[in-house]
Participant: 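Can you keep this structure in mind? I'll have questions shortly.
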Amino acid sequence: QVQLVESGGDLVQPGGSLRLSCADSANTLNLYTIAWFRQAPGKEREGVSCSWTSNGRSYYTDYADSVKGRFTISRDTAKNMVYLQMDSLKPEDTAVYYCAGKMFGGGSLQANDYRDWGQGTQVTVSS
């Protein structure tokens, strides 16, 4: 089991950008499938993006339709970090954002597929 910690949430104006970070205290993220989820008040948790590998060297990515072209998931394997770059932010992107991880299997944007979760970081998009 990994201990995931998110950071980078903030208040930003519409059209602005933020970069969220996901770290693991055991430095094992490079082999994990990592996904970003978000949950707005009164709404279900939504898969935003995921990144997975079959060999620990090259990574695949997937995105929810609502964020395609605006959000980018990436990794720094030297630092064992996963990032979510969020551009052209909209008020409807406001939510608590979570990173989640699983050791086996490919990419998924289904919350039930993930065992390990961070505590979340608040993103608020408002003028």
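As the structure is a computational prediction, the values presented were derived from the model and not from experiment. Just so you know, residue 1 is the first one in the sequence shown, and it goes up from there.
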Participant: Please name the pair of heavy atoms, one in G120 and one in E6, separated by the smallest distance, quoted to 0.1 Å.
Facilitator: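 Nearest heavy atoms, G120 then E6: N-OE1, 2.9 Å.
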Participant: Mind checking what makes side chain to side chain donor-acceptor pair (under 3.5 Å) contact with R70, not counting sequence neighbours?
Facilitator: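 For R70 the side chain to side chain donor-acceptor pair (under 3.5 Å) partners, ignoring immediate neighbours, are D93.
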Participant: Would you check, one step at a time, whether the test side chain to side chain contact (heavy atoms under 4.5 Å, CB included) holds for R75 with S51?
Facilitator: CA-CA 8 Å; R75 294 181 184 246; S51 167; 2.8 Å; yes
Participant: Report the distance from atom CG of L31 to atom CE of M103, rounding to the nearest 0.5 Å.
Facilitator: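 Here the rounded value is 5.0 Å.
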Participant: Within a strict 4.5 Å, meaning less than it, do heavy atoms of the L84 and S49 side chains meet?
Facilitator: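 Yes, side chains in contact.
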Participant: Distance from R38 atom CZ to E44 atom CD, nearest 0.5 Å?
Facilitator: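 Going from the CZ atom of R38 to the CD atom of E44 covers 13.5 Å.
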Participant: Mind jotting down which residue pairs meet the disulfide (SG to SG under 2.5 Å) criterion with at least one end in residues 83-127? Sequence neighbours excluded, please.
Facilitator: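 Counting only pairs at least two positions apart or across chains, the disulfide (SG to SG under 2.5 Å) contacts touching residues 83-127 are C22-C99.
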Participant: Heavy-atom count check: over 12 atoms from other residues, nucleotides or ligands less than 6.0 Å from N55 CG?
Facilitator: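 More than 12 heavy atoms, drawn from other residues, nucleotides or ligands, come within 6.0 Å of this atom.
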Participant: Can you list every ring pair (Phe, Tyr, Trp, His ring centres under 6.0 Å) pair that touches residues 35-56, not counting sequence neighbours?
Facilitator: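 Sorted result for residues 35-56: F37-Y114, F37-W117, W52-Y60.
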Participant: Do V12 and T124 have side chains that approach each other closer than 4.5 Å (heavy atoms only, starting at C-beta)?
Facilitator: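 No, too far: nothing below the 4.5 Å cut-off.
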Participant: Give a yes or no answer on whether the side chain of N30 reaches the backbone of T77 with a donor-acceptor pair at less than 3.5 Å.
Facilitator: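 Checking the backbone N and O of T77 against the side chain of N30, a donor-acceptor pair under 3.5 Å is found.
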Participant: Roughly how far, to the nearest 0.5 Å, is OG1 of T72 from CG of D87?
Facilitator: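 Separation between the atoms: 6.5 Å.
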Participant: Any heavy-atom pair between the side chains of D116 and K102 that's under 4.5 Å?
Facilitator: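 No; the side chains remain at least 4.5 Å from each other.
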Participant: Quick check: does any side chain N or O of Q39 sit under 3.5 Å from a backbone N or O of V96, one acting as donor and the other as acceptor?
Facilitator: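 No: the side chain of Q39 does not pair with the backbone of V96.
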Participant: Check for me, please, whether V125 and L20 land in the same ILVMFWY cluster - side-chain distances under 4.5 Å, paths through other members count.
Facilitator: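 Yes; L20 is reachable from V125 via cluster members.
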Participant: Side chains of Q85 and S17, heavy atoms from C-beta outward: is any pair under 4.5 Å?
Facilitator: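 They are in side-chain contact.
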Participant: Out of I73, L109, V48, which one pairs with Y63 under the side-chain contact (heavy atoms from CB on, under 4.5 Å) rule?
Facilitator: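 Looking at I73, L109, V48, the match for Y63 under the side-chain contact (heavy atoms from CB on, under 4.5 Å) is I73.
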Participant: Please determine whether the number of non-hydrogen atoms from other residues, nucleotides or ligands lying under 6.0 Å from atom CD of Q122 exceeds 12.
Facilitator: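 It does: Q122 CD has more than 12 such atoms within range.
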Participant: Are I34 and V123 co-members of a hydrophobic cluster defined by side-chain heavy atoms under 4.5 Å apart?
Facilitator: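 Yes.
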Participant: Is it true that atom CD of E92 has more than 12 heavy atoms of other residues, nucleotides or ligands lying nearer than 6.0 Å?
Facilitator: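 Yes.
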Participant: Do the side chains of Y97 and L18 get nearer than 4.5 Å, heavy atoms only?
Facilitator: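 Not in contact.
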Participant: Show the numbers, then the answer: is there a side chain to side chain contact (heavy atoms under 4.5 Å, CB included) between R19 and S7?
Facilitator: CA-CA 9 Å; R19 189 179 78 161; S7 61; over 6 Å; no
Participant: Test your reading of the model: is there a side-chain donor-acceptor pair from S108 to the backbone of D113, 3.5 Å cut-off?
Facilitator: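 No; zero donor-acceptor contacts below 3.5 Å.
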Participant: Can you give me the closest heavy-atom contact between S126 and P14, atom names plus distance?
Facilitator: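 Taking every non-hydrogen atom into account, C-CD, 3.6 Å.
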Participant: Just by modelled atom types, is the L29 backbone N or O under 3.5 Å from a matching donor or acceptor in the N80 side chain?
Facilitator: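 Confirmed, N80 side chain pairs with L29 backbone.
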Participant: Would you kindly check if the NZ (Lys) or CZ (Arg) of R45 is within the cone defined by 45 degrees around the ring axis of Y98 and under 6.0 Å from the six-membered ring centre?
Facilitator: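 Cation-pi check for R45 and Y98: passes.
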Participant: With a 4.5 Å cut-off on side-chain heavy-atom distances among I, L, V, M, F, W and Y, is there a chain of contacts connecting Y32 to M81?
Facilitator: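 No, because Y32 and M81 fall into different hydrophobic clusters, even though each may have its own neighbours under 4.5 Å.
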